[in-house]
2 protein chains.
Amino acid sequence: MTTETPEPMRDRTRRLAQMELTNVAQELFLERGYEDTTVDQIAAAAGMSRRTFFRYFPSKDDLVIGKYDLFGDRLADAFDARPHDEPVWQSLRRTFDITLEYVQDERQRARSDAMDRIVESSAQLNARYLQKMQRIQEILVGRVADRLALHGLSTAGAQPAAIIGAAFACLQAARSTWLQSEQQRPFSDYLDEAMSVFRVID
Amino acid sequence: MTTETPEPMRDRTRRLAQMELTNVAQELFLERGYEDTTVDQIAAAAGMSRRTFFRYFPSKDDLVIGKYDLFGDRLADAFDARPHDEPVWQSLRRTFDITLEYVQDERQRARSDAMDRIVESSAQLNARYLQKMQRIQEILVGRVADRLALHGLSTAGAQPAAIIGAAFACLQAARSTWLQSEQQRPFSDYLDEAMSVFRVID
DNA sequence: GCCACACTTGACACCAAGTGCCACTTAAGG
DNA sequence: CCTTAAGTGGCACTTGGTGTCAAGTGTGGC
C-alpha cells in the first residue's frame, strides 16, 4: 500500500526541479556561454546549493545533454514497429521520422534549437553529444543485424554497424545542413536527400 | 644565422620529452587505468613537475589522443592523390589504405593497440576521440564536395557530409569488429566488407 | 499530539584537472 | 664574463565532482 503513491510523487517533484534547473541554466548559458557559467551560478539562480544541483544532474553536461538518453529507446521502438520485410535502409529512414515530431511543436522547437546551439558552441558538450549518439547507435546495431539475418545476409561482420553508422551520419549531416540554412525547406527534405545517396544491398 | 638551427633543435627535444611522457604514461595507464592515474603521477614518473607536464600537453587527454591531429591532414593528402575521375566512394576506400600502413609495423602496432584499448576503457577519452574524428571529417567534406561538383552533382546540400560520414562509419565499424575478433583476417577485408554494402550514386 | 522513519538538503572537506604568475636556473651568443 | 631568452618549478586559484555528516521536512502509525 505504501509503495503505490510515494514513487510518482517524488518523481514528479524531482522532474519539476530538473525542469526549473534547465530553464534557469539555459538563460545563463545564452547570456555568458556554457563554459563561463559555473555550477555555483546555476544553483544559486535556482535557489539551491551546489551540492543539491549534483543530486539532480550527475554533471553539468547532463543538464544539457541528458535528454538524449530517451532518444535511443524511442528510436529502437520506432524501428521495431517497421515491417520486418522492409529494406533496412528504408526502415531506418522511416525510423528517423520520429525526429520530425520533435521539431513539430513550435514553442518547444525554439527551446530545443537554443540548446542545440549551446551544444555546438562548446567543444566539451559536442564531444559528449557524439558519445551519446554512439551509444544510441549501439542499441540499434543488434536489431539491424537481426533484420539482415532475416533477409538471409551475414550478421556477424562489420556490416550492421556500418549501416547504422552511415544512417546516423546522414541524419547528422542533414541536421547540420538544416540548422545552417535558414530552415525554409522541411527537415525531411534534407534527410531524404542525404539518405538517397546510398543504395544499400539488402 | 642564429635562426637556422635553434628551431629544429628545440622541437626535437620537445618531441623527445613528449615521447618519454607518453611511454611513461602508457605504463601507468595499463597498470592503474586512465582515470585512476593522475597527472602528478605521470609527471613524477617522468621526472618533471606537474606544471611542466602541461607545457608539453595541453591536457591529459591529448597525451593519448593528440596523435590523431596529424591523421586528418594525412587523409586529406591521400585523398588529393586519387585521380579526380575516380568514383568518390572508391577514392575514400583507397584513402583509408593509409590506415593500413599504420597497422603494418608489428612493434608499433602493439603500442597503438594498447592505446586504443585505453581509449575504449575511458568514457572521457572516447568522447574526445569521437570529437577528433568529427574534425577530421570536416577537413574532408570540402574535397568531397569539389569532387561531386566535378562529376556534375550538387555540392551545397548535406550529401558531401553524409558521404564522408558514412565512409568513416564504415572505417569505425571495421576497426571495432577487427579489434574484437582475434585479427586473423587482414583489416582490409573488414573494411572492404563494410564499404561494399553501399552503392553510392556518383 | 507524538514518535519513528525515510528522504532531502546544505555545509564542509577533499580530490583532480587546468591556468596564471613569478622567481629561478640554464644554456647560447656577444 | 655577461646578457638574454627559454625552460622549469612552485604556488595560489578556479572549477567540476564526490563523500560524509548533521540538520531539516514530511508521512504514516500509535
Side-chain angles (χ1 to χ4, degrees), chain A residues 1-22 24-25 28-29 32-66 118 122-128 131, chain B residues 1-21 24-25 28-29 31-66 118 122-128 131:
Chain A
M1 291 298 168
T2 53
T3 53
E4 266 183 31
T5 31
E7 283 287 349
M9 167 61 174
R10 283 204 306 270
D11 285 4
R12 197 161 32 213
T13 60
R14 180 177 177 79
R15 228 157 266 213
L16 274 177
Q18 286 175 331
M19 277 287 196
E20 173 68 6
L21 274 174
T22 53
V24 164
L28 291 177
F29 291 158
R32 325 201 208 311
Y34 177 77
E35 324 237 336
D36 289 337
T37 306
T38 70
V39 174
D40 290 85
Q41 291 169 347
I42 301 171
M48 63 176 64
S49 84
R50 166 193 171 64
R51 192 64 187 86
T52 304
F53 172 92
F54 284 109
R55 291 207 181 88
Y56 284 111
F57 293 100
S59 77
K60 188 180 159 191
D61 295 343
D62 278 80
L63 190 153
V64 180
I65 276 179
I118 291 170
S122 156
Q124 162 86 334
L125 276 180
N126 220 300
R128 301 259 340 229
Q131 193 188 2
Chain B
M1 289 296 169
T2 53
T3 54
E4 266 184 29
T5 31
E7 280 287 348
M9 168 61 173
R10 284 206 306 270
D11 285 4
R12 195 160 33 214
T13 59
R14 181 178 176 78
R15 226 156 268 210
L16 274 177
Q18 286 175 331
M19 278 285 197
E20 172 69 6
L21 273 175
V24 165
L28 290 177
F29 290 158
E31 272 181 42
R32 323 201 210 313
Y34 177 77
E35 323 237 338
D36 289 338
T37 306
T38 72
V39 174
D40 289 83
Q41 291 168 348
I42 301 171
M48 64 176 63
S49 84
R50 165 194 173 65
R51 192 66 187 83
T52 304
F53 172 92
F54 284 109
R55 290 206 181 87
Y56 283 110
F57 292 100
S59 77
K60 187 180 157 191
D61 294 343
D62 277 81
L63 189 152
V64 180
I65 276 179
I118 291 169
S122 157
Q124 161 87 333
L125 276 180
N126 221 298
R128 302 252 350 220
Q131 192 188 5

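Small disclaimer: the values here were computed from a predicted structure and weren't measured. Proteins come first, then strands; the chains are lettered A, B, ... in the order of their sequence lines, and each starts at number 1. Hydrogens, waters and symmetry mates are skipped; everything else that's a heavy atom, side chains included, is used.
Considering only heavy atoms from C-beta on, Lys60(B) stays 4.5 Å or farther from Thr38(B) through its side chain. In this structure the side chain of Leu125(B) never reaches within 4.5 angstrom of the side chain of Glu35(B), judged on heavy atoms. Phe29(A) is listed as a side-chain neighbour of Ile42(A), based on a closest heavy-atom distance under 4.5 Å.
Atom CZ of Phe53(B) is separated from atom P of dG9(D) by 13 Å (rounded to the nearest Å). One can place OH of Tyr34(B) at 10 Å from C1' of dA17(C), the figure rounded to the nearest angstrom. Taking atom CG of Asp36(A) as the reference point, atom P of dT19(C) lies 13 Å away to the nearest angstrom. Between the C1' atom of dA17(C) and the NZ atom of Lys60(A) lies a distance of 14 Å, rounded to the nearest Å. Atom CG in Asp40(A) sits about 12 Å away from atom P in dG17(D), given to the nearest Å. In this structure, Phe54(B) places its CZ atom 18 Å from P of dG7(D), rounding to the nearest Å. We find that CE of Met48(A) is positioned 16 Å from C1' of dA11(C), with the value rounded to whole Å. In this structure, Phe57(B) places its CZ atom 21 Å from P of dA16(C), rounding to the nearest Å.
Listed by chain and number, the residues in a ring-ring contact (aromatic ring centres under 6.0 Å, His included) with Phe54(A) amount to none (sequence neighbours excluded).
Checked by distance alone, Arg50(A) brings no side-chain donor or acceptor within 3.5 Å of a matching partner on the base of dG10(C). Not a single donor-acceptor pair, N or O on each side, falls under 3.5 Å between the base of dG7(D) and the side chain of Arg51(B). In this model, a side-chain donor or acceptor of Arg55(A) finds a partner on the base of dG10(C) within 3.5 Å.
With hydrogens and angles ignored, the 3.5 Å screen pairs no side-chain donor or acceptor of Gln18(B) with any backbone N or O of Phe57(B).
At the heavy-atom level, Tyr56(B) lies under 4.0 Å from the strands shown only through sugar-phosphate atoms. Using a 4.0 Å heavy-atom distance criterion, Thr37(B) is classed as a sugar-phosphate-only contact.
Dashed line: the shortest gap from a side-chain N or O of Thr52(A) to OP1 or OP2 of dG10(C) is under 4.0 Å.
Inspection of the Gln131(B) and Asn126(A) side chains reveals no N or O donor paired with an N or O acceptor under 3.5 Å. A donor atom on one side chain and an acceptor atom on the other are found under 3.5 Å apart for Asp61(A) and Tyr34(A).
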Interface polar pairs with nucleotides 26-28 of chain C, N/O, under 3.5 angstrom:
none

